[in-house]
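As structure tokens, the structure follows; a few thoughts come after it.
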Amino acid sequence: MTAASSPLVCRFAPSPTGYLHIGGARTALFNWLYARGRGGKFLLRIEDTDRARSTPEATEAIFNGLKWLGLDWDGEAVSQYSRVERHRAAARELLEKGAAYRCYSPAEEIDAAREAARAEGRPQRFDSPWRDAKPEDWPADKPWAVRIRAPREGATVIRDHVQGEVVIQNEQLDDMIILRSDGDPTYNFAVVVDDHDMGVTLVMRGVDHLTNTARQSLVYRAMGWDLPEFAHVPLIHGPDGAKFSKRHGAPAVENYRDMGYLPEAMRNYLARLGWSHGDDEVFSTEQAMEWFNLESLGKSPARFDFAKLEDLNARHIRAAEDERLVEAVEELRALRGEAPIPAAKRELLLRSMPGLKERARTLTDLEDSAGYLLKDRPLDLDEKAAALLSPEAKARIARLTSLLQHVSEWKAENLESAVKDYAEAEGMKLGKIAQPLRAALTGRSVSPGVFEVMEVLGRAESLARLEAQAS
RNA sequence: GCGCCCUUCGUCUAGUGGACUAGGACACCACCCUUUCACGGUGGGUACACGGGUUCGAAUCCCGUAGGGCGCGCCA
């Protein structure tokens, strides 16, 4: 059975040294989409072999980010460091085979050699003098690291679904350390052992790992293992084209939740960054799963564009169920430590959602525009609303209010015809009446349709609000 | 410094030698719809980095130049 026809196993392998950033999130998404769309597995491994920099908080942040994005993984997340004994055993195996060797060179010597190589215009590579040392030459009480014995001539070819065939001359690569002098494995070694043991068939990750792939394939070969397939996706840049880092305003994935983005909008946006499916822009996660393929992955880096994310978010909000949006608003408030919405007002919010969601680009917008529902009388007016309520306007509202008392059934269309009749009687355009009405009803100059607002608010509350502003 | 990769509207992209007067989406501008704001509709401007080839014909193939990215750790 070839690798291609065996069951698909993808993985996402972040290092827990910080929050889950947008690039990592997209890599995870691609792997997840690919695995889920093809009945494969999606595994999660935490690359925590750097004991000094890995933190449990970062691990937690990664879990939370993935959960919010809705990217579920199969089985337990694997801690790479928990497999350290296995890595050591594999290194011993290579040592015994002669495919790796003990290197006693101290750091200063290595640094000096590399600097010299660079100064001379040679590849920045360190050739260990211990490569061919005999056991009798080994110093007694000095620490040693384990280096892999890499070929010095020829080239290593990487076959990659995105990058094509990439040829790296072996002279660019040195004998990388696979086991540090403290006995812990290095990333490039542990990754290979773990990917192999976990049965990973496709390694999809950022293109910054491309040259690592050359080193890693040396390990596969030394261990006598088959290589998985590779797909190295381009990186995501910030809006200014520079690296999208924390300094450049790159938020953690969880911050997008706090900013009022829907996870499905985020998935939609991220999926379109570096991958495309013809002219399709707005699609569901199910469609993305079905469509996602390696062939349509681009090779050039993409810039992150908040405007487009926001547009997609608006579309997904409009498509979302009303109840779900109410819950999302509640969560957002809870996140900020605000008191829960009372049941009666929650009911109002739900009923007004069709009008509200049409206008919102983010959940924060949604909450903001729902403010008039959630607030109590007397409403505080914003500047524009106050300006709309001129003495004449107030007088008209007073007259209109008494007419509205007699509307038989408190429904939008009845209210609209009543107000239109009144406007006609006064010889005015509807807008001249509707705007002050809106101001009195919502405290703002912008809202869903006034008649809709009145219907949602109900007869008693509507009239009370109008009366409060009429005088 | 050495190596690898990238380059289509401001941004994300479609495009794999003739269907390209280069398509879509976001953003922008104008108009329409209209009780506000949105939504929706119509229209508009703006792109094949540059220079050489190959070819009857090039955004698409080749070479070079420029710009950008990434890698070159006992980090991941």
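So you know, we letter chains A, B, ... as the sequences are listed, proteins then strands, and number each from 1.
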What is the nucleic acid contact for [X], judged by heavy atoms within less than 4.0 Å: base, sugar-phosphate only, or nothing?
{"X": "A/V166", "result": "sugar-phosphate"}
{"X": "A/E47", "result": "sugar-phosphate"}
{"X": "A/G206", "result": "nothing"}
{"X": "A/N212", "result": "base"}
{"X": "A/S276", "result": "sugar-phosphate"}
{"X": "A/P143", "result": "nothing"}
{"X": "A/R444", "result": "nothing"}
{"X": "A/H232", "result": "nothing"}
{"X": "A/F304", "result": "nothing"}
{"X": "A/G449", "result": "base"}
{"X": "A/V419", "result": "nothing"}
{"X": "A/T213", "result": "nothing"}

Mate of [N] where both pairing distances stay under 3.5 Å, Watson-Crick or G-U:
{"N": "B/C4", "result": "B/G69"}
{"N": "B/A59", "result": "none"}
{"N": "B/C50", "result": "B/G64"}
{"N": "B/C9", "result": "none"}

[X] [atom1] to [N] [atom2], straight-line distance once rounded to whole Å:
{"X": "A/R45", "N": "B/A76", "atom1": "CZ", "atom2": "P", "value": "12 Å"}
{"X": "A/N188", "N": "B/A76", "atom1": "CG", "atom2": "P", "value": "8 Å"}
{"X": "A/Q172", "N": "B/C70", "atom1": "CD", "atom2": "C1'", "value": "14 Å"}
{"X": "A/L400", "N": "B/U35", "atom1": "CG", "atom2": "C1'", "value": "13 Å"}
{"X": "A/E358", "N": "B/U35", "atom1": "CD", "atom2": "C1'", "value": "16 Å"}
{"X": "A/L366", "N": "B/A38", "atom1": "CG", "atom2": "P", "value": "16 Å"}
{"X": "A/R303", "N": "B/U7", "atom1": "CZ", "atom2": "C1'", "value": "11 Å"}
{"X": "A/N268", "N": "B/U13", "atom1": "CG", "atom2": "C1'", "value": "14 Å"}

Minimum-distance nucleotide to [X] side chain [options: [options]]:
{"X": "A/I177", "options": "B/C74, B/C39, B/G24", "value": "B/C74"}
{"X": "A/Q163", "options": "B/C5, B/G69, B/U7", "value": "B/C5"}
{"X": "A/R147", "options": "B/A27, B/U11, B/C74", "value": "B/C74"}
{"X": "A/Q124", "options": "B/U35, B/C6, B/G1", "value": "B/G1"}
{"X": "A/A307", "options": "B/U11, B/U13, B/C26", "value": "B/C26"}
{"X": "A/R359", "options": "B/C37, B/C74, B/C12", "value": "B/C37"}
{"X": "A/K308", "options": "B/C6, B/A25, B/A76", "value": "B/A25"}
{"X": "A/D50", "options": "B/U36, B/A76, B/G73", "value": "B/A76"}
{"X": "A/D311", "options": "B/C26, B/G40, B/G24", "value": "B/C26"}
{"X": "A/D305", "options": "B/G24, B/G10, B/A38", "value": "B/G10"}

In terms of ring plane angle, is the pair A/Y104 and A/W138 parallel, tilted or perpendicular, where the classes change at 30° and 60°?
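If you compare the ring of A/Y104 with that of A/W138, the planes turn out tilted.
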Using 30° and 60° as the class boundaries, would you call the ring planes of A/Y220 and A/F230 parallel, tilted or perpendicular?
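Ring orientation of A/Y220 relative to A/F230: perpendicular.
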For RNA chain B, whose closest nucleotide is more 5', that of A/R125 or that of A/R315?
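Looking at RNA chain B, the more 5' nearest nucleotide goes with A/R315.
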Name the residue closer to the 5' end of RNA chain B, choosing between A/R272 and A/H237 according to the nucleotide with the nearest heavy atom.
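The answer here is A/R272.
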Examine the base of [N] for any acceptor or donor lying under 3.5 Å from a partner atom in the side chain of [X], and report the outcome as yes or no.
{"X": "A/D208", "N": "B/G71", "result": "no"}
{"X": "A/R438", "N": "B/U35", "result": "yes"}
{"X": "A/S447", "N": "B/C37", "result": "no"}
{"X": "A/Q169", "N": "B/G3", "result": "no"}
{"X": "A/R118", "N": "B/C2", "result": "no"}

Ion pair present between [X] and [Y], side-chain N to carboxylate O less than 4.0 angstrom?
{"X": "A/R53", "Y": "A/D48", "value": "no"}
{"X": "A/E115", "Y": "A/R118", "value": "no"}
{"X": "A/E461", "Y": "A/R465", "value": "yes"}
{"X": "A/R131", "Y": "A/D175", "value": "yes"}

Within 45° cone and under 6.0 Å: A/R399 NZ/CZ vs A/Y422 ring:
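Not satisfied by the 6.0 Å and 45° rule.
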Using the [atom1] atom on both, measure [N] against [M] and round to a whole Å.
{"N": "B/U46", "M": "B/U35", "atom1": "P", "value": "36 Å"}
{"N": "B/C48", "M": "B/A22", "atom1": "P", "value": "10 Å"}
{"N": "B/A58", "M": "B/G53", "atom1": "C1'", "value": "12 Å"}
{"N": "B/C62", "M": "B/U54", "atom1": "P", "value": "15 Å"}
{"N": "B/G67", "M": "B/C74", "atom1": "P", "value": "32 Å"}
{"N": "B/G44", "M": "B/G24", "atom1": "P", "value": "10 Å"}
{"N": "B/C61", "M": "B/G40", "atom1": "P", "value": "37 Å"}
{"N": "B/A59", "M": "B/U16", "atom1": "P", "value": "13 Å"}

Below 4.0 Å: OP1/OP2 of [N] and any side-chain N or O of [X]:
{"X": "A/R318", "N": "B/C39", "value": "no"}
{"X": "A/R114", "N": "B/C74", "value": "yes"}
{"X": "A/K299", "N": "B/C5", "value": "no"}
{"X": "A/S369", "N": "B/C37", "value": "no"}
{"X": "A/R215", "N": "B/A76", "value": "no"}

Just wondering, more than 12 heavy atoms not from A/E109 lying within 6.0 Å of its CD?
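Enclosed: over 12 neighbouring heavy atoms sit under 6.0 Å from CD of A/E109.
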Would you kindly say whether A/H316 and A/Y269 are connected by a side-chain donor-acceptor distance under 3.5 Å?
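Looking only at side-chain atoms, A/Y269 and A/H316 do not form any donor-acceptor pair under 3.5 Å.
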Hey, do the aromatic rings of A/W130 and A/Y101 have their centres closer than 6.0 Å?
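No.
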